[in-house]
Amino acid sequence: MRSLKQGLIYHVHTIKAGFTPTIFSSNQLIHLYSNHGLVHEAWNLFDEMPQRNVFSWNAIISAYIKAKNLKQARVLFDSASQRDLVSYNSMLSGYVNEDGFETKAMELFREMQSSPHNVRIDEFSLTTMLNLIAKLAVVTYGRQLHSFMVKTGNFSSGFAVSSLIDMYSKCGCFQEARQVFHGCDEVIDPVSKNAMVAACCREGELEMAIDLFQRESELNDTVSWNTLISGFAQNGYEEESLKLFGHMSESVCRWNEHTFSSVLSACAGLRSLKVGKEIHAFVLKNGLTLNPFISSGIVDVYCKCGNMRYAESVHAGMGIRNSFSITSMILGHSSQGNMVKARQLFDSLVEKSSVVWTALFCGYVKSHQCEAVFELLSEFREKESIVAEALIIISVLSACAIQAALDPGKQVHAYILRSGIEMDKKLTSALVDMYSKCGSLIYAEKIFQRKFDRDSILYNVMLAGYARHGNEQRAIQHYEEMLERGFRPDAVTILALLSACSHRGLIELGEQFFHSMKKDYNILPEIDHYACMIDMYGRANELGKAITFMRKIPIELDAVTLGAFLNACRINGNTELARMAEGLLLQLEGCNGDRYVQLANVYAAEGNWDEMGRIRKKMRGKDIKKTAGCSWLYVENGVHIFTSGDRSHSKSEAIYLTLASLTEELYM
DNA sequence: ACCTCAACAG
C-alpha cells in the first residue's frame, strides 16, 4: 500500500468482499489517509475497527495532530485504552510544533517525568523538548536538559547533537553551540554540520560559516546551500547570496522551495526590480507559485522596489489570503504615502501581528499624519495587551517631536520606564530628539548624559537640539566631544552646526564648518547645506554674500534654495531681488500655495500692497490650495484639531460663548 | 509500523 490509490483499492476491495482487514492493515490505512489530509476517513476506519492495538491509537492520535486538531488529539490520548511512550512523544511534539501550546507541552513533559504510566524519557522526548526551549529561548532550562542527556547517555546521536546546537544558538549562546559541535569530532553528522552553519549565520560569523561549509564539502546537501544563501541574505550580503545561488545551480545539489524563499528575500533586500523579475519568471516556469512562502516573497520584492502595480497583481492572484503578503503590501503602500490603502488592508486583517501595527505606525509618521499616529496608539492599547514594539514607540515619539507635543511625549517616556523596555541606542536618540524638539533641552541632556555608549547618531540628535535652540556653544562642545571619541561627523552633523551659526549670525564660523566638511571629511554639501548658508547670510544682512555664494553652487537652484533666498530678501526688505527669485520659484513650484504666501509676505513686510495684489492675481483661477494653519489640543487620549473660526464642533456655540466671557474677564 | 534534528516570508 504505497500510494493512496493502492490503499483505496484495497479498502474498497475488503468492504466489497465483506472481510475485516487485519489490525496491521487498518493501522496502515489510517496513516495513509492521514498523510493525505483525510482525517475524517481515518477516523471512520478507526471507529469501525472491532479490535485495536496501541499502534492504532497512536496512528489516530497522530492523524489529528497532523490535522492541527490538538484538542481532539488530546481527547483521544486521554481516552486511549492503550498508551506507550510513543503516544506521549507524539502528543508532546504536537504541542511543541503548534503556537500557543507551550504550557501544555511543559505540563505533559512533567507528567512523563513523574511517570504514572510507566513511561520513561527517551531521546525522542528530549529532542522534542530542546525544540521547545529553542522556541522559548530559556537557556537555563536547556542547560538542565543538556546535563540530563549527558547523565542518561542520550547526547551523542546526530539528533541530540543537532538539536543541542540549534537550541544553544537560538538562545543566543553561540559559544556553547560551538562546544557541542566540537565535542563530537569522531564522525561529522551532516545535519549537525548544517545546524552549526546556521548557528554561525545567526551569529553573523559568515566567514566561519563558509569555512565550515567548504570543509568536508562532500557532506553538503540542499539544506547546506539553503542555509548559507539565507544566512548571507539575512546579514545584508544580498549580492553574495545571489552569487551563491548561481554556484548552487552549477553544483550537484538541486534547489527546492526553501532556496527560492531565501533568494527572494535577497532580492527584496537588494531592491532590484530587474533581478526580481528574473526570479519571478523562474518561479513561474517551475510552477512554484502555489507555495505561500514564495508567492508572498515575490509580492515583497515588488513592494520593496516600489512597484505596487506588480505587487498588487501578484497579491490578487494568490489563492488564499496570506498575512505575510498583506503585511508587505501595507509596508509598500505606507512607504509610497498611500495610507488609505494601507489602512484598508490593515483593517482586513483579523489577527494583527506586531509587524503590521509597526508598519502602519511608521507609515503615518512618514506621511506626517501625526493625529492618526496618536489615534492608532489608543487603538493599539485598547485592542492589544502586549507591550508595544520599540519601533512603535519610536514612531509615536517622532510624531510627538513633529507636533512639539511635550505631554504625550512624557507619557510615552513613562510608558517605556514602566514596561521595562530596553533603552537601546535608537530609542535613546528618539527620546532625546523628542525632548529637544518639544523645547525641553534639560530632559534631553539628562537622558543623553545617562547613556554612556553613545553613537554618532545620538551625538547628532543632541547637537541639533542645541543648534535649534541657538545655543551654538553647547552644540560645538558636543561636536568636539564627538570628535574626541573618534566619531566622524556626517552631513547631518554639519547641517546642525551650520544652522546654529545661522541663528546666531556667526558667519565666519559657519563658513569654516562649510569648508571643512569637504576638505576634512570629504562630505559633499547637499541642498539643505546650501539653503542654510543662504539663510545665514540673509539673517546677517549680507544679501551680497548670499548672491555670490549662490552663483558658486554647483547644482541647480531649487525651491529650497530659492525659498531660503526669498526669505533673506524679506528680512532685508529687498523687493527688487525678491522679484528676480520670484519668476524662477513659480516656475519650479507654481502649484504650491505656500510659495505664493511666502512671496506675498515679502511684499507685505514692505507694505507694498501693489505687489501683493499682483501675486493674488497670479493665484486666481489656478486652483491653488494653501495648507490651513491649525492648532490642536490633547484631551484625555485624543487629539482635537481646530482652525481659526472653526465651527465644526457640536458644542461650538458654547465654546465661543465661554471664550468671549474669558476674553472679557481678561480686559476687566 | 507510530514519536526526535538542520534551511523559507512580513
Side-chain angles (χ1 to χ4, degrees), chain A residues 1 23-28 30-32 34 53-63 65-66 84-94 96-97 119 121-132 134 154 157-167 169-170 189-199 201-202 219 221-231 233-234 253 255-268 288 291-301 303-304 322-332 349 353-359:
Chain A
M1 276 195 296
I23 300 183
F24 181 85
S25 308
S26 295
N27 292 349
Q28 274 200 311
I30 294 175
H31 273 294
L32 196 65
S34 147
N53 61 13
V54 70
F55 293 107
S56 329
W57 283 101
N58 289 343
I60 194 67
I61 290 170
S62 104
I65 289 174
K66 267 207 192 90
D84 63 3
L85 182 56
V86 173
S87 336
Y88 271 92
N89 285 339
S90 306
M91 201 63 233
L92 190 67
S93 94
V96 168
N97 291 319
V119 287
I121 307 287
D122 71 351
E123 200 191 341
F124 286 85
S125 344
L126 286 165
T127 41
T128 307
M129 282 308 283
L130 285 177
N131 234 341
L132 176 69
N154 275 311
S157 79
F159 282 108
V161 172
S162 59
S163 303
L164 278 170
I165 293 172
D166 191 54
M167 182 276 293
S169 155
K170 285 184 178 153
D189 162 59
V191 178
S192 301
K193 183 189 153 179
N194 287 343
M196 196 60 228
V197 173
C201 293
R202 215 168 275 130
L219 290 180
D221 57 6
T222 302
V223 175
S224 323
W225 283 96
N226 289 352
T227 309
L228 217 54
I229 290 172
S230 149
Q234 238 73 97
C253 295
W255 47 261
N256 63 11
E257 278 110 330
H258 289 249
T259 320
F260 273 95
S261 294
S262 301
V263 168
L264 282 166
S265 121
C267 274
L288 297 165
N291 181 309
F293 284 89
I294 292 179
S295 50
S296 74
I298 293 170
V299 171
D300 191 46
V301 169
C303 286
K304 289 274 158 58
N322 178 315
S323 71
F324 283 93
S325 164
I326 296 177
T327 309
S328 293
M329 296 286 289
I330 293 176
L331 276 165
L349 284 170
S353 68
S354 59
V355 178
V356 257
W357 279 105
T358 312

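In what follows, chains are A, B, ... by sequence order, proteins preceding strands, each numbered from 1. None of the values given here were measured: they were computed from a predicted structure.
Atom NZ of Lys66(A) is separated from atom NE2 of His31(A) by 7.0 Å, given to the nearest 0.5 angstrom. For the atom pair Asn131(A) CG and Leu126(A) CG, the distance stands at 12.0 Å (nearest 0.5 Å).
Checking Thr227(A), Asp221(A), Asn226(A) one by one against Asn194(A), the side-chain hydrogen bond (donor to acceptor under 3.5 Å, both in side chains) holds for a single residue, Asp221(A).
Looking at heavy-atom distances under 4.0 Å, Thr227(A) makes contact with sugar-phosphate atoms alone, never a base. Across all strands, Asn131(A) comes closer than 4.0 Å only to sugar-phosphate atoms, never to a base (heavy-atom distances). Within 4.0 Å (heavy atoms only), Gly297(A) reaches no atom of the nucleic acid at all. The residue Asn53(A) sits close to a base: some heavy atom pair falls under 4.0 Å. Looking at heavy-atom distances under 4.0 Å, Ser90(A) makes contact with sugar-phosphate atoms alone, never a base. Asp221(A) comes within 4.0 angstrom of a nucleotide base, judged by non-hydrogen atoms across all strands. At a threshold of 4.0 angstrom between heavy atoms, the contacts of Ser163(A) are confined to the sugar-phosphate backbone, with no base atom among them. Using a 4.0 Å heavy-atom criterion, one finds that Ser353(A) contacts the bases of the nucleic acid, with or without backbone contacts as well. When heavy atoms are screened at a 4.0 angstrom cut-off, Asp166(A) is found touching the sugar-phosphate backbone but no base atom.
From the 5' end on, the contacts that DNA chain B makes with chain A at under 4.0 Å to a non-hydrogen atom open and close at dA1(B) to dG10(B).
Asn53(A) is listed as a side-chain neighbour of Asn27(A), based on a closest heavy-atom distance under 4.5 Å. Side-chain atoms of Val197(A) and Leu228(A), non-hydrogen and from C-beta on, do get closer than 4.5 Å to each other.
Nearest heavy-atom pair, Gly158(A) versus Asp189(A), reported as atom, atom and distance to 0.1 Å: CA-OD2, 3.5 Å.
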